[in-house]
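Input: a single structure, listed below in structure tokens.
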Amino acid sequence: MAPTRSNTADKNIVDRTKARRNADVARTVRETRDRLSQQPGNPAFDREMIKLHAGALTGSAIVLPLLAVVVALAGLFVGMGAIVVLWAATTVAAYAGLAWYAQGISRTEASEIDVSEVRLWFLVAHAVTGLCWVWFSGMGCSDCQIGQFPIIKAAILLLAIAATAILAYALRGAMEATFAMPVAAYVILGVHLWLPVEAVMAALLAASLPFFSYVSSHLHRSAVMLLSFRTEKDGLIAELETANAISDEARRRAEEANLAKSRFLASMSHELRTPLNAILGFSEVMAKEVLGPLPNPTYRDYARDIHDSGEHLLDLINEILDISRIEAGRYQLHEEPLQIVETVEDCCHLIELKARNKDLRIVQQFEQDLPPLRADERAVRQITLNLLSNAVKFAPTGGEVRVRVGWTAGGGQYISVKDNGPGIPADEIPVVLSAFGQGSIAIKSAEQGTGLGLPIVQGLLDMHGGRLELNSKLREGTEAIAIFPAERVLLAAQTEPLRRKAAG
């Protein structure tokens, strides 16, 4: 049956029924980038460029007026008279008006800027400053003692054009509005084209305008690209923050659900064990005919089946209770010095009867003189029994289970249980290590378990700071290694105080 989509709010956090959610996420990010990329006429970027232009004029308002003042002082020195001072005052006033208007735009919110109107007023203000340079282009100096005065004017105009190209790149058309008329006036009025030097300077000045216009437009494109990248970065950061918030909320809900599940299982396990103990006790009394013989032998078999099923159910409940306590963090370790070899040997004796029923041979290989281990004896015993039970369950009849205890390369101690059963496929190892997870071979087996044995082992080892390694090959068998870290191995000087503390 096809999966149905959830109608709850949770589908906005995790919707696993969506077949191509990764492709959708990629498409959304791509569309966001396309939306944020600069397109011609983008009003948001046009406002940003207007603000950038206003900021550049405000921050460098003194550059061109200072050039006009320097020119006026030099003109007075060479004898140009009061006309150059009047020109300089007019130029400074024009640039002051442009800077004042730019300062007002800088203080205005970008969303409140009318791009068309502000751009028009900026171009008009630039054109006014351009009229001042037209005046300068047509200026003469008959009383000056300088023979190449037009060349000096061309050099000054080149400086002004270069400075404007750098300062006004953010506003398209600002260069042309300012210096198209001054350059034309210089060529027409200010030079004698029959003189080679002046003709060359006129051509150079005329060529400089499109050149610096190109430089200014290139700076404009670079600024637009930087704004595009910045806006794209901000948009992607916002998307990542949203995704992170959704992920955090999903993780919080998952943790709450897992904790509620663990608490529920722990509570129900306690509630089920009470009536189950009565079932086990009464069925055992009936099966053994403690109060007298049963008239029908079939009833005795039924009582024995009830007792066996009850024991199986009790084992399941105990495993659920253990995994629930571990997941909920309520499993308390009672640490004490213990000889790991003795504990493993006791577990081998307990599992001996079950192994003998399958004609299995348990081979014990224990390193001698191992120092005590600081651990919870009940947990170590459960780890060993779970590993042994799995090995006996999957080992073939007449096979072998090899149990080893010894040192690890890092100075810790390990318990290894290896069988020669069918093995586990490599891609199923994460499955069998998860709660209630079973491999394909276990599912096909006649002796199906609950899938909690290895997760319990893994949880108990994690609480001891250790780890579980599972090595398996198909048709060769499986080896489970429970490793305890080196810091849990006790030296002789550490053992006695812990023994006294445990005894007290």
Side-chain angles (χ1 to χ4, degrees), residues 318-319 322 326 331-395 399-421 453-472 477-504:
N318 288 333
E319 289 182 343
D322 288 335
I326 292 172
Y331 193 104
Q332 299 294 327
L333 293 180
H334 300 284
E335 300 179 358
E336 58 182 349
L338 62 90
Q339 293 290 341
I340 191 173
V341 170
E342 296 177 0
T343 303
V344 174
E345 192 172 11
D346 290 344
C347 294
C348 290
H349 291 320
L350 291 174
I351 210 75
E352 189 79 36
L353 179 61
K354 188 175 181 181
R356 196 179 302 122
N357 292 334
K358 289 188 65 174
D359 195 19
L360 294 178
R361 188 164 59 97
I362 297 181
V363 179
Q364 301 178 13
Q365 296 178 337
F366 302 152
E367 292 188 21
Q368 300 301 318
D369 300 326
L370 288 175
L373 191 72
R374 180 169 54 85
D376 186 331
E377 183 178 4
R378 177 178 175 273
V380 174
R381 189 177 297 274
Q382 188 170 6
I383 289 170
T384 307
L385 287 175
N386 284 4
L387 296 182
L388 285 171
S389 298
N390 276 352
V392 171
K393 182 189 300 183
F394 293 106
E400 177 183 278
V401 174
R402 189 175 298 273
V403 184
R404 294 184 298 155
V405 177
W407 290 101
T408 65
Q413 296 182 9
Y414 73 91
I415 303 170
S416 169
V417 179
K418 183 176 181 180
D419 64 71
N420 58 348
L454 291 179
I456 290 175
V457 170
Q458 198 169 33
L460 293 175
L461 286 171
D462 287 341
M463 296 179 69
H464 283 83
R467 70 182 188 275
L468 173 66
E469 291 185 0
L470 200 61
N471 305 318
S472 183
T478 303
E479 181 180 16
I481 307 174
I483 299 175
F484 294 90
E487 53 265 23
R488 288 196 167 270
V489 178
L490 299 175
L491 301 177
Q494 298 173 305
T495 305
E496 189 58 33
L498 287 174
R499 288 189 185 276
R500 288 199 301 266
K501 182 179 178 181

- Message: Treating Lys354 as the side-chain partner and Val392 as the backbone partner, does any N or O pair qualify as donor plus acceptor under 3.5 Å?
- Response: no
- Item | Ile456 and Leu460: CA distance, side-chain angles, deciding distance, side-chain contact (heavy atoms from CB on, under 4.5 Å) verdict | CA-CA 6 Å; Ile456 290 175; Leu460 293 175; 3.9 Å; yes
- Query: Going from CG on Leu388 to CD1 on Ile351, what distance comes out if it is rounded to the nearest 0.5 angstrom?
  - Reply: 6.0 Å
- Could you give the distance from CD1 (Ile362) to CD (Glu400), rounded to the nearest 0.5 Å? 10.5 Å
- Provide the closest heavy-atom pair for Tyr414 versus Trp407 in the form atom of the first, atom of the second, distance. CE2-O, 3.1 Å
- State, to 0.1 Å, how close Leu490 and Pro337 come at their nearest heavy-atom pair, and which atoms those are. CD1-CB, 3.8 Å
- Trace of the side-chain contact (heavy atoms from CB on, under 4.5 Å) decision for Val341 with Glu367: CA-CA 8 Å; Val341 170; Glu367 292 188 21; over 6 Å; no
- Check for a donor-acceptor pair, side chain of Arg488 on one end and backbone N or O of Arg374 on the other, with a separation under 3.5 Å. yes
- Item | Closest contact, heavy atoms only, Val489 versus Gly411 | CG2-O, 3.6 Å
- Item | Gap separating the CG atom of Leu350 from the CD atom of Glu345, nearest 0.5 angstrom | 11.5 Å
- Message: Can you tell me how far apart CG (Leu338) and CZ (Arg378) are? Round to the nearest 0.5 Å.
- Response: 14.0 Å
- Message: Is it the case that the side chain of Lys358 and the backbone of Gly399 share a donor-acceptor pair, with hydrogens and angles ignored and the cut-off at 3.5 Å?
- Response: no
- Query: Quick one: CD on Glu335 to CE on Met463, what's the gap to the nearest 0.5 Å?
  - Reply: 9.0 Å
Per-pair distances, 0.1 Å, donor-acceptor, side chain in residues 477-484, under 3.5 Å, sequence neighbours excluded:
unit_1 : atom_1 : unit_2 : atom_2 : d
Thr478 : OG1    : Ser472 : OG     : 2.9
Glu479 : OE2    : Arg404 : NH2    : 2.8
Glu479 : OE2    : Ser416 : OG     : 2.6

- With no hydrogens and no angle check, is any side-chain donor or acceptor of Glu377 less than 3.5 Å from a backbone partner on His334? no
- Scanning both residues in full, the closest heavy-atom pair of Ala391 with Asp419 reads CA-OD2, 3.7 Å
- Query: Taking all non-hydrogen atoms of both residues, which atom of Arg381 and which atom of Asp346 are closest, and how far apart?
  - Reply: NH1-CB, 3.6 Å
- Message: If I compare all heavy atoms of Gln413 with all of Pro372, which pair ends up nearest, and what's the gap?
- Response: NE2-O, 4.4 Å
- Could you give the distance from CG (Leu360) to CD (Glu352), rounded to the nearest 0.5 Å? 10.0 Å
